[in-house]
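Reviewing the structure listed below.
Just so it is clear: chains get the letters A, B, ... in the order the sequence lines come, proteins before strands, and each one is counted from 1.
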Amino acid sequence: MVPFNILVAVCLAYVCLLFLVAFAAERRAERGRAGWLRSPVIYTLSLSIYCTAWTFYGAVGYAARSGLEFVTIYLGPTLVLVGWWLVLRKLVRIGQAQRVTSIADLISSRYGKSNLLGVIVTVIAVVAATPYIALQLQSVTLSFGVFASGTPEGWALPDQSATALWVAGGLTLFTILFGTRNLDANERHHGVVMAIALEAVVKLVALLAVGVFVVWGVAGGIGDVIARIDASSIADWPLMPGRWIGLTFVSAAAILTLPRMFQVMVVENSDERHLATASWAFPLYLMLMSLFVLPITVVGLSVLPEGANPDLFVLTLPLAEGQGKLAMLAFLGGFSSATSMVIVAAIALATMVSNHIVTPLWLSLREGGARAPGDVRGLVLMSRRVSIAAILALGYGYYHMSGGSAALAAIGLISFVGVAQILPAMIGGIFWRGATGVGAAMGLVTGFLVWLYALYLPSFGSGGLLSEALLREGPGGIGWLRPQALFGVDGLDPLLHAIFWSMSLNTGIFVAGSLLTFPSPVERMQGLAFVNAFEHDAGARGWSRGGAEAEDLLTMSQGILGAEEAQRFFQAEAAAQGKAGFLPDTTPEFIERLERRLAGAVGTATAHAMIAQFAVGAAVSAQDLMAVASEAQQILEYSTQLEAKSEELARTARQLQEANEKLKDLSVQKDTFLSQISHELRTPMTSIRAFSEILMDPDLPGEMQQKYAEVIHDETIRLTRLLDDLLDLSVLENRKVQLSVKVANLHDLLNKAVQAASNTRPERAFTLHRDFPAEHMPVITDTDRLVQVFINLVSNARKYCDAERPELTIAARRRGGRIIVDFIDNGSGIPKASQRLIFEKFARLTDTARAGGAGLGLAICREIMANLGGTIAYLPGQGGAAFRVSLPVRPESAATAEAA
Amino acid sequence: MTRRVLLIEDEPHIAEAIRYILVRDGWSVASHGEGGSALEVIRREVPDVVVLDVMLPGRSGYEILEEMRADPDLATLPVLVLSARGQSADRALAEGAGASRFIAKPFANAEIVAALRQMAGA
């Protein structure tokens, strides 16, 4: 008898051992000395996770209940492995070529990388795995229970449910520690594979040991056992061909579609040739596992008391015979079966959940998408850990709800039928190019729903999730919708019934959906790559003897390399083959050299795809085309960059040109200005010089001397004023004016200006019209500068107004926050064409009536008003010359300060 | 026989100065202060020599000169061009238009007299 505590301690010690093995294997693999870790033996042993606690304990129970039928569970996988070259080899080849990470990834990848399909397969796999995981929990719990009570009848733990919870928790922790310590790029777990290989040995040895003990220790040897079998009821079990075929089919399907089997068989496969070994070694392993099932069953049935659970005979027989150590070994065997299954299944499912559901969801929820790789790694690891916990929680939930009482084998078969729903999409995907994603999705969903309705939900028992009435009479009394007698097919075994309807509807709808829909381009390419996995080896880029026509190749090459270059290359190649002309034989060597040559021009992938078009028998793989696309993408990006650069250059050039134009304009302006100044300076200087020379003439009469001296005087003043104006303008234009802002009455300012202008052509009668009351308003500005503008306008009117009786009207008013003063005379005004010129420097319109100005007056006015924050403008259509001066009541800065 | 000079200059002070020095030198001086009607005056006065300012109101001296050179009656009439712009480019422009002499302002009075004597004598 083994105390319960010691049992727990042994379990922990065993787990620690597994850890050490896994750790050592990973270290070895990291150091690149995988060696025998990747041997076919390890591969075969890893496949043994097919044999779970169900097989370890349940086969005996199965045999006790249904006779030889348990053999079907081994028959299916054996057929698949013996016929490995048919399906398995292709799956492994595709898995490696496409870097498939799970069965969901395989289906999604085949049907155009559709994530919807990935999600569907993931959901099916998780739901279908739930009973299976529950089954492992149940068996471990049961075996604990047996040890705890010490009686063959078991059930003595105070709370079975609590034990199951502890087991589930322990397995969760164990799996997380094992499976998600790090993130493998290729999803391979050397450590895990090594550990489950060890567990495979433990369970085989345990079962064989129990078998040997039973045959030679309990019974009287082989002869005795055979006699007992003959005598037992097992021999009387009728063979039911329907169930046999159905179960063999389902188990064959399951070994292909169970996520954990796909994981060890395809994802963890490091060498296709291991399959050849596994094809005989794994059936051998299965045979050894089943060798003693019947002896243990019959001996158990006869030795153990009536009513003992046959699912636990493997454990209870040694216990009953007082073989504590053997029982411990058997317990470890069962424990190994359960843990290895749970670990691999949880890892595989978590990979699917995280890759197809959590990560896409998380990425789509995050705006921006692109993240640092480290972040994603963290997210993926976390989502896998959470997924593992969730999957085990689901298993525990199922165990809890189903009451933990159903026979092990029955639960296992429910899972098998569930995952078998993936089979049509998978087989169709790798053998039928016409299969489409829509068909696959429809078939999968249909099969899954039928399975749920006809098998999964009823498995909770009548009155469980489906009411008794619904089970017996169908939903709403519709007879043909009874879960276990769909479409009126009654009297069939419920399991067989579910297999038949789910698989036939699934396959039928899959085929019909595929025929009725058209695959997308990516789907078409992937379909080609999957179906023709052997015809085109994406890894090796060699060409077998192609049927390419040299002429076609030459034509194509000319398009890429240019006619001359291509012809030279072809001629050289022909010459090397000892041929004249341009057309060498299309030997593989030649085609390879041509491809390399083309690759230099268009990139390797594109070159490969182009040659492939001409080389008969070489299909363009999806990868080729993807590579072409990515190459084209790079070229596009590069050219986009170039385009951006050239646009930038063009912009810079344009800016430079504009700047140059501006400089040229400025230069022209400067030349014009200098030449104008030169003219304006030279004119008075000419008079001054000429009259100075005349004055030197001693014969000059006195009155002439007086007159000419006056001319010189006037011209000197004119020169001085011109220089003053120029300097003033230069200061004003550079906005370097020191304004002395004062408060004044506008009326006073106008008076001052009128007064100052009165000495312009004083000989002429000149009438002023003013509205004095309107002029009384305060103005805050540089009053001297404003007066300067007013003087200019009044004296211009006095100078240039060509009316017979010149008049000037000055009108002042406030409008908004601005003071507006108009100066309108009664002359003929300024011609339209000249109106926009008058404020330019030296824009004197006429020389006939000059009064000493150099044509800078209005230019200065404009600059003064700009400095004061105001404007001066010509008002067309007023009859005579009309100017409007407008300025803020107070300077801008002060106004804004006040407003604030 | 007095030599006749027609002075086309818009600046009254400059015209007055030139008139004075030429009269003192024994010329008969007519003067006109506008470009637009200058050609009519030239045809009417029929001077021996023309003194022509470039920057005139109404019409530029160069335009007047070019039209004179295109007119067979006036093609050979000696013209002294006065310009307030004295750069070589201006000189070339004047000669291109058919000026007999070019003098930049401000000038020496003797320079004008000497030039006119020479032009009228030639």
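Heavy atoms of A108(B) lying under 4.5 Å from chain A belong to its backbone as well as its side chain. Of the two parts of F107(B), the backbone and the side chain both hold a non-hydrogen atom closer than 4.5 Å to a non-hydrogen atom of chain A.
Taking chain B as the reference chain and counting heavy-atom pairs below 4.5 Å, the highest number among I688(A), L700(A), D714(A) is found for L700(A). Per-residue heavy-atom pair counts under 4.5 Å with chain B were compared for I694(A), V711(A), L681(A), and the maximum is reached by I694(A).
In this structure, R101(B) and V81(B) have side chains that are not in contact, with every pair of non-hydrogen atoms separated by 4.5 Å or more. By the 4.5 Å heavy-atom criterion applied to side chains, L858(A) and F883(A) are counted as neighbours.
The closest side-chain donor-acceptor pair between Q788(A) and D728(A) falls under 3.5 angstrom.
For the side chain to side chain contact (heavy atoms under 4.5 Å, CB included) test with F790(A), the passing option among I810(A), L750(A), N751(A) is L750(A); the others fail.
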